[in-house]
Amino acid sequence: MEESTKNFIHEAIEGDLAPGGRFAGRAVHTRFPPEPNGYLHIGHAKAICINFTTAEKYGGLCNLRFDDTNPTREDVEYVDAIEEDIRWLGFDWSDRLFFGSDYAQRIYDTAEDFIRKGLAYVDDLSADEMRTMRGTLTEPGTNSPHRDRSVEENLGLFRRMKAGDFEPGEKVLRARIDMASGNLNLRDPAMYRIKKDTHHRTGDDWCIYPMYDFAHPLQDAVEGITHSLCSLEYEDHRPLYDWVVNHADLEDRPRQIEFARLNLTGTVMSKRKLLELVTRGLVDGWDDPRMPTLRGLRRRGYTPASIRTFCDRIGVSKVYSTVDSAFLEHCLREDLNASANRVMAVLRPVKLVVENYPDGAVETFEAENNPERPENGVRTVPFSRELWIEAEDFSEEPPKGYFRMFPGNEVRLKHAYVVRCTGCVRDGAGRVVEVRCTYDPATKGGDTPDGRKVKGTIHWVSAKHAVDAEVRLYDSLFSVPDPDASEDRDYKELLNPDSLEVLPDCKCEPSLAGAEAPAAYQFLRLGYFCVDNRVSRPDRLVFNRSVSLKDGFKGARS
RNA sequence: UGGGAUGUAGCCAAGGGGUAAGGCACGGGACUUUGACUCCCGCACUCGCAGGUUCGAAUCCUGCCGUCCCAGCCA
């Protein structure tokens, strides 16, 4: 991959590393901190890439840390999936796999320490009362009547919370900061709440769990993180992050820097919405090829390299942005163009009969696998009198500029012969059931020894040698660029009804027989396709179109 | 005058006093046994707006406008 360009985070880091800087003489250390409550998507890929490549750029390390401080919404099911997806992307955290829950005791001890320093107190207010007393965006909040309990009383109450003497909601540990702050996060935020759910790692060891704002900075500090890179919505939390880090007796004081999260046109990125699409059966699971999840992209045929290149090239800034999906597709085409072998497959077959080719005869042609990569060698493709060609490669009354098969026109059958269309046969309903042509024996291999120009070249598959396959074509999941932006319509109403098209009767050249995932090919003139990693069988092939080829034809292509 | 951010092309995004990089998309052309790839060319007289400072402003100053985030015992 090319050298990533410098962004504002790199500049901040370089300032920190410079002599006299905040982290002068230190090695950069970052972390990717997913909450194990959902599958990773392309937006996470951006964060993963930023964290891992930034550390790498400065010779540092990046940890993988599961931020699991809420037993009611997290599950091991996601832990394995997340690790697998990050590895698939190509990143390695070596032996630095951590869990926020591993620091439970340490964080608890810090909480007691905060109580002793008068920085935290136990409150009896209900969640509703707390909300009311928090004030509004424009009005200050009011102090809780329990705000000035003694250290001894607070310590006793907090220990009883830990011991299970209270029920969820009865008590909460709060930071004592400033109920009048313009920043709502500083109005005595909750630091610990009671939860009597079983945690996926610590079981029933604890019935109190720290809040993100208290736990995260401590986790970062404990791991020696220098730069805690997160998304923009945490900007308002930075004062709290710093408050925790500055009052805790820890060596390290990590620095939080925020960047804009990724949005992509034609899809949604929130965990809640993606989950809803899955649970409502609006898509075929988390790995539906139309999903922006890493599993979905993988099944669709996206390569790790294409995703990493994409993340590198979109840049990093603090501007709310929505990247055009066409750019992601471009990165995939670029990667696959260089690596995928070419092959011929007909998606919407119509019979082509070569009238002057002997019935029963078969000959084979040599076909290059990848013109971009001659070392990939050649394969053999059989030719016979009856072939399959793409229905749209024939037109009895061609639109302007059309140079494929139409009566009287010459076209080249890729790798085989130049043929001249002589007409077609229609059924009772007027549908073209057969196209007819004659071939020129002198053009064997597709050359024109007389130097004549043949503008069109089409792909084909010998009918008697064809391998059947199902091919699935995908389009944008949503029919509008930004489904989240619509205020009057629910995003589910904006789903693109044509996002999936199944073509059950496709004809492939015989070299595709037995293909297995994760094989990827360029179907000549059509696009890049991969063997579906879930439902395809060697004798019942199913291909997914990863991305189409760009189509330069400006005419009325049906 | 609640707090915090942010406005450079249709979409990303460099540039931080010396006269607007790059990519995607789009349009045109060359090449072509893939209407692909590749290669050329075009695509912001102007950087949200208005003033000001300066020989010179996207960059500095002032004011205004737009957009996003925050009132979970979620992360």
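Throughout, protein chains are lettered first and strands after them, A, B, ... in sequence-line order, and every chain is numbered starting at 1.
Every residue two or more places apart in sequence or in another chain was checked for a ring pair (Phe, Tyr, Trp, His ring centres under 6.0 Å) with A:His415, and none qualifies. For A:Tyr357, the ring pair (Phe, Tyr, Trp, His ring centres under 6.0 Å) criterion is met by A:Phe383, A:Tyr439, not counting sequence neighbours. With sequence neighbours excluded, the residues satisfying side chain to side chain donor-acceptor pair (under 3.5 Å) with A:Arg379 are A:Asn369, A:Glu509. Residues passing the side chain to side chain donor-acceptor pair (under 3.5 Å) test with A:Tyr212: none are found, sequence neighbours excluded. For A:Glu83, the side chain to side chain donor-acceptor pair (under 3.5 Å) test picks out A:Arg87, with sequence neighbours left out. Scored by the ring pair (Phe, Tyr, Trp, His ring centres under 6.0 Å) test, A:Phe114 finds A:Phe214, A:Trp243 as partners (sequence neighbours excluded).
Rounded to an integer number of Å, the gap from A:Asp335 CG to B:C37 C1' is 14 Å. Atom pair A:Phe8:CZ and B:U59:P shows a separation of 21 Å (rounding to whole Å applied). Following rounding to the nearest Å, A:Ile458 (CD1) and B:U34 (P) show an atom-to-atom distance of 13 Å. In this structure, A:Arg404 places its CZ atom 8 Å from P of B:G35, rounding to the nearest Å. Between the CG atom of A:Leu262 and the C1' atom of B:A13 there is a distance of 14 Å, given to the nearest Å. In this structure, A:Lys455 places its NZ atom 9 Å from P of B:G35, rounding to the nearest Å. Going from atom CD of A:Glu329 over to atom C1' of B:C11 covers 14 Å, rounded to whole Å.
The side chain of A:Lys318 lies closest to B:U6, out of B:C12, B:G35, B:U6.
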Short heteroatom pairs, N/O only, protein and nucleotides 39-44 of chain B, under 3.5 Å:
none

Find every protein N or O atom lying less than 3.5 Å from an N or O atom of nucleotides 21-26 of chain B, and list the pairs.
none

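By the 30° and 60° cut-offs, the orientation of the rings of A:Phe543 relative to A:Phe523 is perpendicular.
Taking atom C1' on both nucleotides, B:A58 is separated from B:U8 by 7 Å, rounded to a whole Å. Separation of the C1' atoms belonging to B:C41 and B:U34 is 24 Å when rounded to the nearest angstrom. Only the P atoms considered, B:A44 is 12 Å distant from B:A9, to the nearest whole Å.
No donor-acceptor contact under 3.5 Å links the side chain of A:Glu372 to the base of B:U38.
An anti base is found at B:G63: its glycosidic angle is more than 90° from 0.
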For nucleotides 65-75 of chain B, read 5' to 3', which letter fits each nucleotide if B means a protein heavy atom sits under 4.0 Å from the base, S means only the sugar-phosphate is that close, and - means neither?
----BBBSBBB
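Applying the salt bridge (charged side-chain N to carboxylate O under 4.0 Å, His left out) test to residues at least two apart or on different chains, none of the pairs has a partner in residues 132-146 of chain A. For residues 178-195 of chain A, the salt bridge (charged side-chain N to carboxylate O under 4.0 Å, His left out) pairs, not counting sequence neighbours, are A:Arg147-A:Asp188.
Residue A:Glu139 is out of contact with every strand shown, counting any heavy-atom pair closer than 4.0 Å.
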Using a 3.5 Å limit on both pairing distances, list the dot-bracket string of RNA chain B from the 5' end; Watson-Crick and G-U wobble pairs count, crossing pairs take [ ], interstrand pairs take |.
.(((((((.[[[..)..(...]]].(((((.......))))).....[[[[[..)....]]]]])))))).....
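Under the 3.5 Å distance criterion, with hydrogens and angles disregarded, a donor-acceptor pair is assigned to the side chains of A:Ser325 and A:Thr265.
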